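Structure record follows, encoded as structure tokens.
Chain letters run A, B, ... following the sequence lines, proteins first and then strands; every chain starts at 1. Please read all numbers here as calculations on a predicted model, not as lab measurements.
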Amino acid sequence: MTQYDFNRIEKKWQEYWAENEIFKAENNSKKEKFYCLDMFPYPSGAGLHVGHPLGYIASDIVARYKRHQAFNVLHPMGYDSFGLPAEQYAIQTGQHPAVTTKENIARYRQQMDQIGFSFDWSREVRTSDPNYYKWTQWIFIKLFESWYDNSQNKACDIQELIAIFSSKGNITINAACDQKTETFTADEWKAFSEKEQQEILLKYRLTYLAETEVNWCPALGTVLANDEIVNGVSERGGHPVERKKMMQWSMRVSAYAERLLQGLNKIDWPESLKETQRNWIGKSVGAEIQFRIQNSEFKIFVFTTRPDTIFGVTFMTLAPEHELVSEIVTPEQKEEVEVYIKQTGKRSERERMADIKNITGVFTGAYAEHPFTKEAIPIWIGDYVLAGYGTGAVMAVPCGDQRDYDFAEHFELPINNIFENVDISKEAHSDKDKNTVIAHSGFISGLMWDKAAKTVIEKLEEIGQGKGKTNYRLRDAVFSRQRYWGEPFPIYYKNGVPHTIPEENLPLRLPEVEKYLPTETGEPPLGRATKWHWDEGKCSVVSDQLADDKTVFPLELNTMPGWAGSSWYFFRYMELAISDGGKRDEVFASKDAMNYWKNVDLYIGGSEHGTGHLLYSRFWVKFLYDRSLVPVEEPFQKLINQGMILGESAFGYRLENENKFVSKNLVKNQKAHPIHTDVSFVNIHNGLNIEVFKNWRPEYKDAEFITEEDGKFIVHREVEKMSKSKYNVVNPDDICEEYGADTLRMYEMFLGPLEQAKPWNTAGITGVHNFLKKLWKLYVWPNSSKGGKSEFYISEEKANPESLKILHKTIKKVTDDIESFGFNTAISALMICVNELSAQKCNNREILEPLAVLVSPFAPHIAEELWEKLGHSESISEVNYPIFEERYVVENTKKYPISFNGKMRFTMDLPLDLSKEGIEKTVMTDERTKRQLEGKTPKKIIVVPGKIVNIVS
RNA sequence: GCGGGCGUGAUGGAAUUGGUAGACAUGCCAGACUUAGGAUCUGGUGCCGCAAGGUGUGGGAGUUCGAGUCUCCCCGCCCGUACCA
């Protein structure tokens, strides 16, 4: 066996790793822990393409590297196995989603095993497994049993709230709750009926049921969260979305807005992603101001970030949905207003977005009163004001806000300039400019905006017509989905009031249904379940245990959204499986396990989860922390977004109305359309295999091909997202078969920086494959005593200094690069190392042993094989990382600034051993330095650490 | 519009963070060996030039002894977000 036979080697070691459970992490190790996590995949039917494993390869390199560094590494994997595609497939075929999911998982597992990841599969999780979603339901119950105390700034037990209600009512409570909650005393609380009390409590719970305006997607038959909508259509499938009022479960994530924002400062995430989350949270500081309405009891509350412009208010605008509209509209305007509201209500969100330029609005006939000048301010309705943000009403300051300005111009409303020396004849002056002075503004005239804003807030508080306020864009997250393939809510209804199912009866299992569609009455698919088992042997419902009167209570028919299971799965991995003596059947994760593993040290995944998974996980973790259920407040300490691997689609140009294809360079003035062709039909020189293409589709069977002079047909290439429908998918299995998993792993890393999006181009793969072949050859030499036949041969003699130098340079470079995720340059360093060692014909154990360890995170299979050939019986993953020794790297130098005639002129590479004070040494200077010194060559330099180096001529 | 990022050979990309631009790899060219292959090895390869040399990191200016790197303006590209008061 002298050839690099990757197929044999890879199979051998993958089996070895699995049999000996090499990568099983311990929970009670004295070693330092390192938790290295990938975002777990949704197991889709299409299997993995070369883009999927990119992040897994990167984390696997880090995991293996950390093991060499003697860390106890937790590197788990699992499946986010609830989700839409399996359900859509079920609707079409009748196949149970659990069956499809199981098959897909098996395929994913097989593909992942082939790449040689060092996952600890004993800790695998699947969100659709009842033993897993039992705990998702359990956490939901904990959320249901909690409220958010703004005074303590944390979530607390709802029992505490009930205690306060019975002793003091809700007047002293500062809680995150529905705005319209009315105040009551302790006596009033006690007088409420059970149902009334439950309804009030629901307004305080961290997960609550409320009539919400939701994004309804008729095509998918479900509601979508804001982050599941892209450009007004559903992220999945691109179906239109409309607004609809529905009774829905919501998560009070808004209670955590400030902490979610502050927490970002403590974690090591890409700045762009943090910025995305900051935007999504959307904090704005300003004031809430009350405007009295003339001849009316009602008041309008507005939120503004510019209280300093209050004297510039010339009208007010309410959202069409604003609740006061119907109360304040004058009889003369009533009809016009109603028509307008009807019109805007009909327009979908999408139309409204597409139509920003069009200014619409209507006068209500009512007037508000300016809090300071007492002037009358006309109240308008306009759909540029959003009901969902702030208070759904704005004080319009045309001189300071462009939208107000446009609205005022359109309806010929007055525009008052309150800025000194600012021209507002063309547009509003909306920047918070430090140099702008406020004018014509009563007691704030002559002040800068920030001082003015402060003064206005003070004055408003004095007269009781406003206060400083911070507003967040982040809204509560809708948590109900009208779907089958998700976690059932552990909720039943008694007198229309939701109650949780007792913990000991979890999981509440998904019932069988004969069809995965909504019922005829419009209920979600779970409405079809005739028997709903939620525990072995006990049938449909809760009546036996919970109700005194044998009534059967209905269960919640919605299921939880995709992000429910993924918001806490990283804790589940910490707990050992039951078969390994873990407590997974007793707890979601045990205290001991969580106190040892704490949080994820490195999390690798795509940035598309920026406002979904990554925000909701932080929210749930903060909640669990508040309730002392987990020991950490942030789940992911360091996060890396791996860039997407794109596909290089190939197109053949087909002439319009003809079944004739024209090679790329021959298309001149003819009308030709690019037609996707499968990339596997195209060679690296963009030449199409015409025969294969013809047999691909019947319609191409008789197609004509106009080729270049050399008979080749050249295709046009374009970089696109890798997708089955674009025929540009490259399958990792094929690469593994042809070049091996080690080549695939290294090539994916060599392709470019991890964070960057990059097209897959198989052409360059021979580079890393050659590297592995050369590496193999370093350990295999021709033996002259056996007729020149090659065999494994290692010298036990001491290595020469040159070999040691290149080895230690490589150790340094590779180590630094792995630490900074520069895997592509680390591989370059390994290539240089192997090339130089080959040139030196170096085969000393002293060199080749540490080299194998250096390579092993990148190409673990070949490293294991070489390690074995070196005479070791343990896995290379148990071996310590080589130690870098500076003394071998002679030319390791440091830049020192050089002065000449007392003036700093340039810096120069000097050996490190010169860095001791006072050492004099003659230094050779290069041509460029000579030139800079105007021909004077320095003879000696004196090094003074931290100071400028003087040249002694 | 706003926010974040980027622009380097034919190509993917390096550059010790202000110090010999183009590492490494692909591609290409030349050669060696060869029962010819998509094998292996050697050399070359930013551009212009036979050469000496000149020139060169999207364009323009600036700071600096010195700029791919820092500052300003312009051009182009990508990502995120959007009537947020």
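- Atom CD1 of A:I765 and atom P of B:G38 are 19 Å apart (whole Å).
- The pair A:K758-A:E748 fails the salt-bridge criterion, with no side-chain N (NZ, NE, NH1 or NH2) lying under 4.0 Å from an Asp/Glu carboxylate O.
- Between the side chains of A:N728 and A:S649, at least one donor N or O sits under 3.5 Å from an acceptor N or O.
- Taking atom C1' on both nucleotides, B:G66 is separated from B:C78 by 33 Å, rounded to a whole Å.
- Atom NE2 of A:H769 and atom C1' of B:G38 are 12 Å apart (whole Å).
- For the pair A:K809 NZ and B:U16 C1', the interatomic distance rounds to 12 Å; values are reported in whole Å.
- Remark: RNA chain B takes part in the stems B:1-7 with B:75-81, B:10-12 with B:24-26, B:27-32 with B:40-45, B:46-48 with B:53-55, B:58-62 with B:70-74, each of 3 or more antiparallel Watson-Crick or G-U pairs, criterion distances under 3.5 Å.
- At least one side-chain nitrogen or oxygen of A:N824 sits closer than 4.0 Å to the OP1 or OP2 atom of B:A14.
- Spacing between atom NE2 of A:H322 and atom P of B:A85 amounts to 17 Å, rounded to whole angstrom units.
- Within 4.0 Å of A:T766, counting heavy atoms only, lie sugar-phosphate atoms of the nucleic acid but no base atom.
- Separating the CG atom of A:L615 from the P atom of B:U81 is a distance of 13 Å, rounded to the nearest angstrom.
- At the heavy-atom level, A:S272 lies under 4.0 Å from the strands shown only through sugar-phosphate atoms.
- With P as the reference atom, B:G76 and B:C24 are 36 Å apart, rounded to whole Å.
- When ring centroids are compared, A:Y747 and A:W760 come within the 6.0 Å threshold.
- For the pair A:K773 and B:U40, the criterion of a side-chain N or O lying under 4.0 Å from OP1 or OP2 is met.
- Listed nucleotides B:A14, B:U40, B:A82 differ in distance to A:T825; the shortest reach to its side chain belongs to B:A14.
- Glycosidic conformation at B:G44 (O4'-C1'-N9-C4 for purines, O4'-C1'-N1-C2 for pyrimidines): anti, more than 90° from 0.
- Among the heavy atoms of the strands, none lies under 4.0 Å from A:D404.
- Residue-level contact check: A:E271 touches neither bases nor backbone, having no heavy atom under 4.0 Å from any strand.
- Base orientation for B:U17: syn, the chi torsion being within 90° of 0.
- Using the six-membered ring where Trp is involved, A:F291 and A:H370 have ring planes that are perpendicular, over 60° apart on the 30 and 60° scheme.
- In this structure, A:P753 reaches the sugar-phosphate backbone alone: every heavy-atom distance under 4.0 Å involves primed, P, OP1 or OP2 atoms, never a base.
- For the pair A:F858 and A:V814, the tightest heavy-atom approach, listed with the atom from each and the gap, is CE1-CG1, 4.1 Å.
- Toward the 5′ end of RNA chain B lies the nearest nucleotide of A:I832, the other residue of the pair A:D401 and A:I832 mapping further downstream.
- Within the 4.0 angstrom heavy-atom criterion, no nucleotide atom of any strand lies near A:K283.
- Atom CD1 of A:I381 and atom C1' of B:C83 are 17 Å apart (whole Å).
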**Prompt:** Run the salt bridge (Lys or Arg N to Asp or Glu O under 4.0 Å) check on A:K426 and A:E409 step by step: do they pass?
**Reply:** CA-CA 10 Å; A:K426 294 232 165 50; A:E409 279 214 312; over 6 Å; no
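- When heavy atoms are screened at a 4.0 angstrom cut-off, A:N835 is found touching the sugar-phosphate backbone but no base atom.
- B:A21 and B:C6 are spaced 23 Å apart, taking the P atom of each and rounding to whole Å.
- For the residue pair A:Y384 / A:D404, a side-chain donor-acceptor distance below 3.5 Å is found, with atom types taken as modelled.
- A cation-pi contact links A:K812 to A:F884, judged by a cut-off of 6.0 Å to the six-membered ring centre and 45° from its axis.
- At the heavy-atom level, A:D816 lies nowhere under 4.0 Å from the strands shown.
- Straight-line distance between the P atoms of B:G56 and B:A61: roughly 12 Å, to the nearest whole Å.
- In this structure, A:S284 reaches the B:A85 phosphate: one of its side-chain N or O atoms is under 4.0 Å from OP1 or OP2.
- Aromatic ring centres of A:Y739 and A:F6 lie farther apart than the 6.0 Å criterion allows.
- Residue contacts shown for A:K774 are limited to sugar-phosphate atoms, with no base heavy atom under 4.0 Å away.
- Proximity of A:R403 to the phosphate of B:C84: a side-chain N or O atom is located under 4.0 Å from OP1 or OP2.
- Checking A:A393 against A:A757, the closest nucleotide of RNA chain B that is more toward the 5' end is the one next to A:A757.
- For the pair A:Q756 CD and B:U8 C1', the computed distance is 13 Å after rounding to whole Å.
- Here the two rings, on A:F315 and A:F411, have centers that are 6.0 Å apart or farther.
- When rounded to the nearest whole Å, the span between CD of A:E427 and C1' of B:G1 equals 12 Å.
- Across the C1' atoms, B:A25 and B:U45 are found 14 Å apart, a figure rounded to whole Å.
- Across all strands, A:E738 comes closer than 4.0 Å to base atoms (heavy-atom distances).
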